[in-house]
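Notes follow once the structure below has been shown.
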Amino acid sequence: AVPLIMERLKRVDKPAPADPPAPKEILLKGADISLAVFVERDGEVTQAADGDTFHPGERIQFSAVSARPRYVAVYGIDGLGVTRYIPSAFKQPLRLAAGEETPLEPAFNLDDTLGEETVLGLFCQRPFDAAEVKERLLRREDPGVAGAACSTVTFTMAKKARKGGE
């Protein structure tokens, strides 16, 4: 799956690295789900680790896997509020097939909001209204969906300005 993510993130004019990075463990709550974050820096795509530093304008893409079929939505929570990354335009979450790593489209360029951002992946057994969950997160309420048997995965990004105005 890493080469597929790299192919989608890389720029047309830059070759992909010869050896894709080895998958890293992601902080999980619930033994059968995971969320990975990939970042493009200086033409190379790598899998990020929880707590890594990111810079405005860097391109990121999420990838998710679940042992069982699930519905997933991904949100970013920072000092300015809540961003719904996945799905970006629709109310319904994305459906994941069991056991398949799925690149979550689209990839994003990070905004210029500095500080800590928590990425929250919400994985549920039944469909839910992703826009409604965003509203609950804005009110600092639990993102869980009644009757949908949900689990969460979190990932922390430290967003900092590049040194020297790069």
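All values below were derived from every heavy atom in this structure, side-chain atoms included, with hydrogens, water molecules and symmetry-related copies excluded.
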What is the minimum heavy-atom distance between [X] and [Y], and which atoms define it?
{"X": "L35", "Y": "A64", "result": "CD1-CB, 4.3 Å"}
{"X": "S151", "Y": "I33", "result": "CB-CD1, 3.6 Å"}
{"X": "A48", "Y": "V39", "result": "CB-CG1, 4.5 Å"}
{"X": "K160", "Y": "H55", "result": "O-ND1, 2.8 Å"}

Do the ring planes of F108 and F62 sit parallel (below 30°), tilted (30 to 60°) or perpendicular (above 60°)?
-> tilted
Does some side-chain heavy atom of [Y] sit less than 4.5 Å from a side-chain heavy atom of [X]?
{"X": "R70", "Y": "R95", "answer": "no"}
{"X": "F128", "Y": "L122", "answer": "yes"}
{"X": "M157", "Y": "T53", "answer": "no"}
{"X": "F123", "Y": "C150", "answer": "no"}
{"X": "Q125", "Y": "P69", "answer": "no"}
{"X": "I86", "Y": "L94", "answer": "yes"}

E116 with K159: basic N within carboxylate O range, under 4.0 Å | no
Presence of salt bridge, E58 and R162, under 4.0 angstrom = yes
Output all residues satisfying salt bridge (charged side-chain N to carboxylate O under 4.0 Å, His left out) with [X], sequence neighbours left out; order by chain, then residue number.
{"X": "R136", "answer": "E132"}
{"X": "R139", "answer": "E141"}
{"X": "K134", "answer": "none"}

With distance as the sole test, does [X] use its side chain to make a donor-acceptor pair with the main-chain N or O of [Y] at under 3.5 Å?
{"X": "T83", "Y": "G81", "answer": "no"}
{"X": "Y85", "Y": "A73", "answer": "no"}
{"X": "D112", "Y": "P56", "answer": "no"}

Identify whether L80 and V119 are in the same connected component of the hydrophobic contact network (ILVMFWY, side-chain heavy atoms under 4.5 Å).
-> no
Under the 6.0 Å and 45° cation-pi test, does R41 pair with F54?
-> yes
